[in-house]
Amino acid sequence: MPVQLLRIVRGKSETPLPSHLQKEDLRHLQEHFDHTNKYFQGIVILTYPLTKLGDGTDFFKVVLQDLDNSCSRINSINILIYGKMAEDCAKVIRHGDTFVVAGFKLAKSPTAREDGRHGCHLEVSEEAGSAIYSVAPKYVYTPLNHLKDGTIVNLYGVVKFFKPPYVSKGTDYCSVVTLVDPSNVKLTCTLFNGNLDSLPKIYKVGDIVRFHRIKIREYNGQMQGITSGGFASLTFDGTVGAPVVPRTSSKVYTFMDEEQKTIEELRIWAASNLSVSGPAAKLSGVQPMLFFDLTCQLVGKAKVDGSSFLLKVWDGTKCPYPTWKVPVEAKDLEGEKVLLHQLRNLTVDILVYDNHVQLAKSLKIGSFLRIYSIHTKQGSADSEHVSHIEFHLHGGTCYGRGIGVLPESNLDVKELK
DNA sequence: TATTAGGGTTCG
């Protein structure tokens, strides 16, 4: 593991570095000195884009500043990272982070005269047996009643409302999340990311999130959260007693006993201060003329027209009313023919509109979904049809209307199986 | 290195 997570509190590491390593002062990084078993620690003051060398090797350059020598004329040094390690580091190294570099090769820096940094640079790669350790900072979390305009903060919150990620009119996915905490202040966050996986994996009201580096702004007289460059999130099930397992796309994150305790405390607070009785329902319990959230499996899908798309789903229960069947061309219907036929009396047709079409098209047959705020509508009887119930996911994102994909590991999915 | 949206049910 070339890039490891290491947390150092008050100068002492909780996950110690290998004991044979000794800290080396910037001034002692000189040619012809033996740097075996030495490490250098510094704070990232500059990173360059990940590039490829002429021979195809990945290359990543960062500048580390030595905080112990920050008043010296020369207090920074170039770190040149090669190969797989360059790729790994480019993903996790951020401006302002502290890193430890061990197993480096020291060489004369050809750019020292221009950049004013140390006369040597450090070269590291997996092949050379180098290691880079990320030293996690001690994060400070701001309660929601202490947020100030124009700051970037870390915070915890219980999800009071959310819109599952949807395709925005810009270039990114968008998710809107309203949080509360024991200070009883609400914060609505608008989160953007081009990568669906980088937005918080919230499945229900009552989930608990930890946001890092969220920007706070004032909007319409209220504080608002918005994604900033280094935004990262963890999401936890909000159920008291459930395992404390973070859902995240980050490869590297800190999560210690202290954080576990925070989650457990928030769960207990939420249990008595937040109503989580969402409008979830089983198909067996649906009533006409209401909105509800459905956890289900996708059995079939079909294009209908430019502004609507059909999802055929089931949840293992049977809807007590005759259900609407959306007429589509047989050639347009995707899904396993045999299964579609077997489940024909258990699946229901959900017609999704407008902004939900793009996401619906991309869904994989067999995947588990939660569809939020489905509208059930009573279709009237006429000469051709008996009275039936229709399922619509209207356009727009009001009330969190949308579609979320659940992982197989989700508890509600296990129940469904 | 901007923009997206900025919670509060429907055209179908």
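Remember, it's a predicted structure, so these values are computed and weren't measured experimentally.
- Ring centroids of A:Tyr139 and A:His212 are separated by less than 6.0 Å, placing the two rings close together.
- Considering A:Ile403, A:Thr347, A:Val348 in turn, A:Ile403 is the only one that fulfils the side-chain contact (heavy atoms from CB on, under 4.5 Å) rule with A:Leu311.
- Base orientation of B:dG8: syn (glycosidic angle within 90° of 0).
- Residues passing the side-chain hydrogen bond (donor to acceptor under 3.5 Å, both in side chains) test with A:Thr171, sequence neighbours excluded: none.
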inquiry  = Reading 5' to 3' and counting Watson-Crick or G-U wobble pairs with both distances under 3.5 Å, write the dot-bracket notation for DNA chain B, | for bases paired outside the strand.
reply    = ............
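- B:dT10 and B:dG6: their P atoms are spaced 14 Å apart (whole Å).
- Residue contacts shown for A:Tyr372 are absent, as no nucleic acid heavy atom lies under 4.0 Å away.
- A:Arg344 pairs by the side-chain hydrogen bond (donor to acceptor under 3.5 Å, both in side chains) definition with A:His341, not counting sequence neighbours.
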Chi angles and distances behind the salt bridge (charged side-chain N to carboxylate O under 4.0 Å, His left out) call for A:Lys204, A:Asp412 = CA-CA 11 Å; A:Lys204 53 168 71 164; A:Asp412 293 326; 3.2 Å; yes
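- Among the heavy atoms of the strands lying under 4.0 Å from A:Asp354 is at least one base atom, whether or not backbone atoms are also near.
- Residue A:Gly400 is out of contact with every strand shown, counting any heavy-atom pair closer than 4.0 Å.
- Using a 4.0 Å cut-off between a side-chain N of Lys or Arg and a carboxylate O of Asp or Glu, A:Lys325 and A:Glu390 do not qualify as a salt bridge.
- Among the protein residues, A:Thr178 comes within range of the nucleic acid bases, having at least one heavy atom under 4.0 Å from a base atom.
- In this structure, A:His375 reaches the bases: a heavy-atom distance under 4.0 Å links it to at least one base atom across the strands shown.
- A 4.0 Å heavy-atom criterion places the boundary nucleotides of DNA chain B facing chain A at B:dA2 to B:dG12, written 5' to 3'.
- Atom CG of A:Leu346 sits about 11.0 Å away from atom OG of A:Ser284, to the nearest 0.5 Å.
- The 5' end of DNA chain B is approached more closely, in terms of each residue's nearest nucleotide, by A:Thr227 than by the other of A:Gln222 and A:Thr227.
- A:Leu191 comes within 4.0 angstrom of no nucleic acid atom, judged by non-hydrogen atoms across all strands.
- For residues 220-252 of chain A, the set of pairs meeting the ring-ring contact (aromatic ring centres under 6.0 Å, His included) definition, not counting sequence neighbours, comprises A:Phe211-A:Phe231, A:Phe236-A:Phe255.
- Screening residues 225-238 of chain A for side-chain hydrogen bond (donor to acceptor under 3.5 Å, both in side chains), with sequence neighbours left out, gives A:Asp237-A:Thr239.
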